[in-house]
Amino acid sequence: MTDTEVVIPTRNAPAILWLTLTHLFAFNRRDVAGVTLLDNRSDAPGADAVLAWAASQGCLVVRHERNVGVWASVNRGLALARSRRVLVLTSDVLLGQRAVQALAAIMDAVDVPFLGPEVLTGLAAAPALAVPLPETGGVDTSQYNGACWMMDRERLLAEVGWFDPRFCVAYGDTDYVERMRLADVRYGVVRGVPCVHLDKQSRRAEHTVEEDTEMEIRDGGRFHEKWAAYPEILTRHPAVSRQAYLYAKQGWKEAIPQ
């Protein structure tokens with residue numbers, strides 16, 4: 001029996017959540033002890049049906065009475081987990097064959113308790129997930145994956161703590177990585193264990209680009225206030241303008257899966 005559980009914070013975009021779950025079940029089900037969905041008051045058409053289907057597949061579905069944000073949801077998922085390892089997925093990430101097994105094996109072999117797969121971006125990259133897992137190219141400890149990561153839950157909660165729930169949709173992963181750096185805890189990305197991040201797909205599907213941009217800008221302000229005494233950290237993560245956010249999100253042209 002595997003000792004890895006999966007935690008997925010989610011809100012709306014049910015078709016994309018369905019893609020995430022079907023890929024997880026198809027390619028990694030035998031390597032997962034359980035899946036917990038933390039739903040932040042989804043109200044999109046079809047959301048109830050997808051969450052009910054997930055429950056019928058054995059997922060624990062926790063539905064919040066209000067939108068508490070991504071990072072408070074991750075904390076609740078970590079509190080509910082009983083396994084030593086937890087894989088945190090955003091609800092728009094597709095994992096390749098035996099990716100969970102590969103990440104767990106590498107985590108056991110190296111001292112990197114926060115470990116993510118290599119990220120491919122966009123639906124066009126999805127066919128790469130169906131090929132046999134190649135030889136991994138080692139761990140790049142200069143990077144982290146904020147869309148999908150495996151963590152040694154017990155160790156990181158003891159040495160770094162919980163994710164900061166004051167962040168809503170952005171900067172929670174960046175904040176956590178900086179706290180790991182200060183605690184001298186390593187993180188990394190595994191080459192050769194790819195995942196596909198359907199970045200911006202859910203926002204375009206739900207027509208929430210401007211709303212999400214405002215939340216991310218607020219999160220960025222909170223991040224800069226929190227780390228104001230650490231100029232080297234702010235240099236690594238400079239403020240992003242509203243215009244840059246909107247250009248990046250509205251410029252995404254890939255089709256939304258129907």
Side-chain angles (χ1 to χ4, degrees), residues 1-10 19-38 58-60 70-71 74-75 77-78 80-121 125-160 163 172-174 176-177 180-181 185-199:
M1 173 62 72
T2 179
D3 68 343
T4 302
E5 295 178 49
V6 177
V7 166
I8 304 176
T10 183
L19 279 176
T20 294
L21 291 172
T22 52
H23 278 75
L24 178 66
F25 295 153
F27 292 149
N28 293 275
R29 192 162 201 163
R30 75 181 72 175
D31 301 316
V32 170
V35 178
T36 299
L37 296 177
L38 292 308
C59 297
L60 172 62
V70 171
W71 306 105
V74 170
N75 284 342
L78 294 176
L80 290 169
R82 294 295 176 262
S83 300
R84 177 173 69 90
R85 280 187 289 248
V86 171
L87 181 74
V88 180
L89 288 177
T90 52
S91 58
D92 56 357
V93 166
L94 314 181
L95 287 180
Q97 290 194 40
R98 308 305 298 273
V100 174
Q101 180 192 56
L103 288 171
I106 294 167
M107 181 173 283
D108 283 344
V110 298
D111 183 30
V112 182
F114 187 100
L115 193 63
E118 183 177 13
V119 180
L120 306 174
T121 302
L129 302 178
V131 301
L133 189 71
E135 291 294 322
T136 60
V139 178
D140 181 352
T141 56
S142 69
Q143 298 188 49
Y144 66 94
N145 178 352
C148 169
W149 67 89
M150 181 175 288
M151 58 188 291
D152 184 324
R153 182 179 67 95
E154 295 178 357
R155 176 179 172 185
L156 285 173
L157 290 182
E159 297 185 21
V160 182
F163 288 83
D173 51 342
T174 303
Y176 203 78
V177 165
M180 281 195 289
R181 290 168 66 100
V185 175
R186 297 203 301 166
Y187 54 86
V189 167
V190 180
R191 302 299 184 191
V193 183
C195 73
V196 169
H197 186 198
L198 303 178
D199 190 30

Worksheet item: Atom CG in Asp3, atom CZ in Arg82: separation rounded to 0.5 Å?
Response: 14.5 Å
Discussion item. Tell me whether the rings of Trp149 and Phe114 are parallel (<30°), tilted (30 to 60°) or perpendicular (>60°).
Written reply: parallel
Worksheet item: Is the side chain of Glu5 donor-acceptor paired with the backbone N or O of Ser83 at a distance under 3.5 Å, no angle test?
Response: yes
Worksheet item: Do Cys195 and Leu94 have side chains that get closer than 4.5 Å, going by heavy atoms?
Response: no
Worksheet entry | Gap separating the CG atom of Leu198 from the OG atom of Ser91, nearest 0.5 angstrom | 9.5 Å
Worksheet item: Taking the side chain as C-beta and beyond, is there a heavy-atom pair between Val6 and Leu24 under 4.5 Å?
Response: yes
Worksheet item: For the atom pair CG (Asn28) and CZ (Arg98), what is the distance rounded to the nearest 0.5 Å?
Response: 7.5 Å
Worksheet item: What distance do Met151 atom CE and Phe163 atom CZ have between them, rounded to the nearest 0.5 Å?
Response: 4.5 Å
Worksheet item: Roughly how far apart are Leu21 CG and Leu37 CG, rounded to 0.5 Å?
Response: 5.5 Å
Item to complete: Specify the closest pair of heavy atoms between Leu157 and Tyr176, including all atoms of both residues, with the distance to one decimal.
Response: N-OH, 4.4 Å
Practice prompt. Enter the distance from Leu19:CG to Asp92:CG here, rounded to the nearest 0.5 Å.
Written response: 10.5 Å
Discussion item. Which heavy atom of His197 sits nearest to which heavy atom of Val119, and what is that distance?
Written reply: CB-CG1, 3.8 Å
Discussion item. With side-chain contact (heavy atoms from CB on, under 4.5 Å) as the criterion, how do Val88 and Val86 come out once you've worked through the C-alpha distance, each side chain's angles and the decisive distance to 0.1 Å?
Written reply: CA-CA 6 Å; Val88 180; Val86 171; 4.0 Å; yes
Worksheet item: Sub-3.5 Å donor-acceptor pair from the side chain of Glu118 to the main-chain atoms of Gly192, do we have one?
Response: yes
Discussion item. With a 3.5 Å distance limit and no angle check, can you tell me whether Asp140 reaches the backbone of Gly188 through a side-chain donor-acceptor pair?
Written reply: no
Worksheet item: Is there a side-chain contact between Asp111 and Arg186 (heavy atoms, below 4.5 Å)?
Response: yes
Response to the item:
Between Ala102 and Val193, the two heavy atoms sitting closest are CB-CG2, 4.0 Å
Item to complete: Side-chain contact test, heavy atoms from C-beta onward, threshold under 4.5 Å: evaluate it for Gln143 versus Arg191 and give yes or no.
Response: yes
Worksheet item: Are Arg84 and Asp108 ion-paired here, with the side-chain N under 4.0 Å from a carboxylate O?
Response: yes
Discussion item. Quick check: do Tyr144 and Leu115 have side-chain heavy atoms less than 4.5 Å from each other?
Written reply: no
Worksheet item: Short question: side chain of Asp31, backbone of Val100 - any donor-acceptor pair under 3.5 Å?
Response: no
Item to complete: Let me see the working for Val185 and Leu156 under side-chain contact (heavy atoms from CB on, under 4.5 Å), right down to the final yes or no.
Response: CA-CA 8 Å; Val185 175; Leu156 285 173; 3.8 Å; yes
Worksheet item: Heavy-atom count around Arg30 CZ within 6.0 Å, excluding the residue itself: above 12?
Response: no
Worksheet item: Can any side-chain N or O of Thr36 pair as donor or acceptor with the backbone N or O of Val7 at less than 3.5 Å?
Response: no
Worksheet entry | Thr90/Cys148 under side-chain contact (heavy atoms from CB on, under 4.5 Å): CA gap, chis, key distance, verdict | CA-CA 6 Å; Thr90 52; Cys148 169; over 6 Å; no
Practice prompt. Please examine the side chains of Cys59 and Phe25, heavy atoms only from C-beta on, and report whether any two atoms are closer than 4.5 Å.
Written response: yes
Worksheet entry | Pairwise side-chain contact, His23 with Leu129, heavy-atom cut-off 4.5 Å (strictly under) | yes
Fill in: Atom of Pro194, atom of Leu120 and distance for their closest heavy-atom approach
CB-CD1, 3.9 Å
Discussion item. Quick one, Leu89 and Leu95 - any side-chain contact, counting heavy atoms below 4.5 Å?
Written reply: yes
